[in-house]
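Because the structure is predicted, anything quoted here is derived from the model rather than measured. When a residue number appears, it is its place in the shown sequence, counting from 1. Atoms within a ligand are numbered from 1 in the order they appear, just like the ligands themselves.
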Amino acid sequence: MRGAVVVGTDTDVGKTAFSILFLSAFAEHFAYWKPVETGDSDTETVRRLVPGATVFDPLARFVEPVAPALAARREGRPMPGVAEVLAAVPRVDRPLLVETFGGPLSPLIDDVLQIELIRGLSLPVVLVTSAAVGAVGRSLQAVRAMDSLGVRPDVLVLLGQDDPYAVEQITRHLPGLPVVGLNPPVGEWAPEPAVRAAVEQQERLDTVFRAVAARSPTRRPPDEGFVVLDRQTVWHPYTSLQSPDTPLPVVAAEDEFLILSDGRRIIDGISSWWTILHGHRPPEIMQAIRDATYQLDHVLFAGATHPHAVELADDLLRSMPWPPGGRVFYSDNGSTAVEIALKMAYQSWCHRGEPGRTLFVGFENGYHGDTFGAMSVGRDPVFFGRFEPLLFRTLQVPVSADALDAALACHTGEVAAVVIEPLVQGAGGMRMHTPAELRAIAEVTRTHGSLLIADEVMTGFGRTGSLWAFDQAGIAPDLVCLAKGITGGVLPLSATLASPGVVAAFDTPDRAQTFFHGHSFTANPIACAAAVASWKRLQTRRWEGDTKRIEAFWERHVRPLAAFSGVKDVRVRGLIAGVELDVPGGYLAAVGAVLRRSCLESGVLLRPLGNVLYAMPPLCTSDESLVRIGDGMTRAIRACGL
Ligand SMILES: *Cc1c(COP(=O)(O)O)cnc(C)c1O
């Protein structure tokens with residue numbers, strides 16, 4: 001057992017009286033720490049009343065009996081935040097009773113509530129309230145509020161006169177939560193009455209102890225156990241079943257960090273496969289998800305609709321360089337967003353009387369997902385060579401308007417669409433082309449009468465420095481695929497946006513010309529709610545400053561790696577920095593594993609694309625974390641000994 005945290009439903013409900021009773025009964029088992037206190041010192045009271053207990057000094061003490069954040073401001077002193085308190089938890093050979101101040105939602109620092117600290121401690125929670133009138137309502141309010149913020153009390157203590165009715169009511173409404181009535185020591189505040197009260201109520205205090213002890217082992221996942229079971233049961237993407245690397249046991253995430261079961265905080269330098277946009281668990285998106293769950297779970301999207309999907313579609317269409325009349329088709333991952341674009345493109349030609357346009361053109365090193373249509377247009381020999389006999393016919397051309405022009409000229413009337421990742425080819429090795437090149441490619445496509453599909457699955461939502469990468473080229477694609485960052489990366493959702501021209505081809509009463517496509521979870525309401533919240537956050541335009549800041553950092557700290565021996569090329573755009581090493585083997589290059597392990601040792605999670613080491617951290621990544629990523633990359637490249 002690592003201890004317990006004592007939380008009051010409000011200030012002055014008897015947290016310290018409880019701590020004194022508990023420590024009087026279990027002094028040799030528990031140590032005591034109140035990290036932050038204001039006004040009269042509870043720490044001194046505990047020291048005086050339980051002389052045998054190990055009592056640690058507070059991390060921060062303020063004289064005025066007001067909220068600590070306010071006291072700190074008035075006294076002109078800093079108030080520690082969650083990370084500082086967690087870092088200061090005393091190391092002690094016995095479980096620690098940590099007493100909080102005020103209530104669970106009292107402000108800790110100016111923009112963080114104490115509940116964040118309570119969650120961060122990840123200790124069993126003893127919720128204390130006064131048994132005075134109103135105990136039932138007070139208890140339910142506190143438990144429900146804490147529950148909605150991810151903290152579940154393990155035991156409730158009613159401090160004061162016994163009140164069987166309150167206990168009965170609370171138990172009825174909070175089944176499974178042990179409720180214990182405790183009488184505070186009577187008479188003067190001195191050691192003897194405290195010990196007497198503890199002895200008299202030993203059984204009740206045992207109940208509290210058991211509730212705390214029962215819960216603590218389950219709070220921390222048994223890392224050994226779950227990783228071993230993982231190896232027997234789970235098939236991971238892009239991972240050999242004989243991979244020597246154990247998967248990272250991730251138990252929590254916040255901002256740019258992943259928290260492992262051993263407590264390590266590593267920097268998520270690739271935004272969890274290019275999904276996490278703002279940072280992990282952005283409060284407004286998590287709140288939007290909670291709010292959405294009070295109204296809906298999932299509902300079919302054929303012949304039914306819901307507000308979040310409509311609001312999001314409207315927002316997305318307004319950001320496109322199209323006149324009104326476009327449409328949004330939802331699915332749930334980037335690959336299917338691409339499949340849908342391919343099917344729409346082909347079917348639109350059928351409706352226009354050109355069913356012979358069966359050819360799609362992709363670019364060398366392009367990547368569009370792992371389903372069959374996406375593999376056909378991506379056509380990477382390492383990823384998809386195995387499936388070559390099953391793929392449909394496409395052309396792959398170098399990323400060059402001239403090459404595209406020549407290819408299209410050879411296939412007049414055959415090409416349904418050209419598919420491109422605008423500005424940055426991601427999985428193909430973070431290869432970049434200029435907005436001018438992209439513009440020329442779009443013009444050539446238009447000249448030959450084909451449709452242009454912009455696969456913005458990776459590049460969308462600001463990652464390249466503009467909302468859409470194609471914005472920088474001033475072009476208007478016919479179909480746009482979005483996924484990954486659309487929900488801020490929190491839930492799976494994707495969208496295929498069709499321009500008014502494509503939509504017009506389907507605008508007919510002929511039912512045979514319906515677009516017969518859909519997925520069970522098309523436009524899942526909770527995912528759409530997350531996406532709306534992410535979109536609102538983008539509207540604040542804070543992302544523009546962050547992409548500029550991060551890009552400038554890459555220019556200063558990663559660009560110079562180009563001078564290293566063994567470095568072939570350095571590429572930077574927006575949040576993305578890629579370093580290509582001069583070694584053979586491409587995606588299967590052995591240096592990949594060396595680079596990854598070295599970066600992990602520096603506390604940074606990067607997954608090189610073979611010989612290309614790259615970073616693409618979330619927008620919130622601090623300057624300090626950027627330095628760690630840059631240093632980690634430098635060290636990793638040195639470790640390859642090129
Ligand atoms: C990741 C990616 C996809 C595939 O998306 P999934 O959600 O993994 O299916 C498609 N296109 C691009 C450009 C991508 O980066």
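Heavy atoms from other residues, nucleotides or ligands lying under 6.0 Å from CD of Q232 number more than 12.
The distance from atom CG of L342 to atom OG1 of T336, rounded to the nearest 0.5 Å, is 11.0 Å. With rounding to the nearest 0.5 Å, the separation of CH2 in W468 from CG in L497 is 7.5 Å.
The proximity of Y367 to ligand 1, defined as any non-hydrogen pair under 4.0 Å, involves the side chain as well as the backbone. Residue A483 does not touch ligand 1, judged by heavy-atom distances below 4.0 Å.
Counting protein heavy atoms only, atom 15 (O) of ligand 1 is closest to K484 NZ, 2.7 Å. At the top of the distance list for atom 9 (O) of ligand 1, counting protein heavy atoms only, stands S335 OG, 2.5 Å. Of all protein heavy atoms, the one lying nearest to atom 13 (C) of ligand 1 is D455 OD2, 3.3 Å. Of all protein heavy atoms, the one lying nearest to atom 6 (P) of ligand 1 is G334 N, 3.4 Å.
Residue N333 approaches ligand 1 through these ligand atoms, each under 4.0 Å from one of its heavy atoms: 7 (O), 9 (O). Below 4.0 Å from some heavy atom of W274 lie the following atoms of ligand 1, by number and element: 15 (O). Interface of M458 with ligand 1, defined as ligand atoms under 4.0 Å from a residue heavy atom, comprises 15 (O). Residue G369 approaches ligand 1 through these ligand atoms, each under 4.0 Å from one of its heavy atoms: 4 (C), 10 (C).
Just one residue in the list L482, L312, T496 forms a side chain to side chain contact (heavy atoms under 4.5 Å, CB included) with Y330, and that residue is L312.
Judged purely by atom type and a 3.5 angstrom limit, E354 has no side-chain atom pairing as donor or acceptor with the backbone of A416. No side-chain donor-acceptor contact under 3.5 Å links R573 to the backbone of G465.
For the pair W273 and ligand 1, no heavy-atom separation below 4.0 Å is found.
At a threshold of 4.5 Å between non-hydrogen side-chain atoms, the residues I340 and F515 count as touching.
At a 3.5 angstrom cut-off on N or O pairs, E421 does not count as close to ligand 1.
Defined by atom type and a distance below 3.5 Å, a donor-acceptor pair is missing between the side-chain atoms of T487 and S534.
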